[in-house]
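One structure is given below, encoded as structure tokens.
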Number of protein chains: 2
Amino acid sequence: MDLTARTAEQIGEALRRTRKARGWTQSDISARTNLRVATISSLENGDAGTKLATVLAVMAALGLEFRMVERGGSLEIEDIF
Amino acid sequence: MDLTARTAEQIGEALRRTRKARGWTQSDISARTNLRVATISSLENGDAGTKLATVLAVMAALGLEFRMVERGGSLEIEDIF
DNA sequence: TCGCATGTTACGCTGTGGCGCAAAATTTAG
DNA sequence: CTAAATTTTGCGCCACAGCGTAACATGCGA
């Protein structure tokens, strides 16, 4: 499951896939973040206007964190050792 | 240079470090994104209210992309093969 | 087929991001 | 030490996210 993203759409898609993989509903995320279900929906559908705080809250609820990497950069030897 | 982030502060810090590593000024990023220097400043200083679109624009200008990973998750064998 | 769960959309409201413009504050170079 | 470059902050303005609430659509199991 690749969770690389350059766009809001890709971020929303990644969050939705992770949520489903956890077997959770948007309502579950809502309860864990105090964000409205509508807000989760909007984010998962790729709204680039979403605030960073909202994205981070959902990611925390899903147990995810960001890693910023060189565009298109795959694994490099230095990353391993 | 580790660019892992769970908070807006860490994201801002990572963006600033990457920008400096490129030898660029906030003004350079501003020119490449059509965002105000003040907006870049705010983001680098960890404003969680920043819009996703703004973060993504700056990341694109820096040649970065997001990778969402399990919290605290380091490299796993499956990531390599 | 029907009904409940899940997800999407809408309305009015408040708070605030990002804009232009500009001035202060801080950092860096000479 | 001082001037220039870089960054931060402020003001008025407009646009819109996220809120409560609710209706509507979609999906899925009994």
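A, B, ... follow the sequence lines: proteins, then strands. Residue 1 opens every chain.
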Provide, to the nearest angstrom, the distance between the [atom1] atom belonging to [X] and the [atom2] atom belonging to [N].
X       : N      : atom1 : atom2 : result
A:Asp47 : D:dA15 : CG    : P     : 17 Å
B:Lys51 : D:dA15 : NZ    : P     : 11 Å
A:Ile40 : D:dG18 : CD1   : C1'   : 11 Å
A:Leu43 : D:dC16 : CG    : P     : 18 Å
B:Leu52 : D:dA17 : CG    : P     : 11 Å
B:Glu44 : C:dT26 : CD    : P     : 17 Å
B:Asn45 : D:dT7  : CG    : P     : 11 Å

Backbone N or O of [Y] within a donor-acceptor pair of the [X] side chain at under 3.5 Å?
X       : Y       : result
A:Glu44 : A:Ser41 : no
A:Arg67 : B:Met68 : no
B:Asn45 : B:Ser42 : no
A:Arg6  : B:Glu65 : no

Original post:
Linking I/L/V/M/F/W/Y whenever any side-chain heavy atoms sit under 4.5 Å apart, do B:Trp24 and B:Leu3 land together?
Top reply: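 Yes, it is one cluster - the side chains of B:Trp24 and B:Leu3 are joined through contacts under 4.5 Å.
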Original post:
C:dG18 phosphate, OP1 or OP2: any side-chain N/O from B:Thr54 under 4.0 angstrom?
Top reply: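 Yes.
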Subject >> N/O (side chain, A:Ser42) to phosphate O (OP1/OP2, C:dT8) under 4.0 Å >> reply: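 For A:Ser42, the contact criterion (side-chain N or O under 4.0 Å from OP1 or OP2 of C:dT8) is not met.
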Original post:
For residues 11-38 of chain B, which residues have at least one heavy atom under 4.0 Å from DNA chain C?
Top reply: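 Listed by number, they are B:Asn34, B:Leu35, B:Arg36.
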Original post:
Atom CD1 of B:Ile40 and atom CG of B:Leu35: how far apart are they, to the nearest 0.5 Å?
Top reply: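 Rounded to the nearest 0.5 Å, the CD1-CG separation comes out at 5.0 Å.
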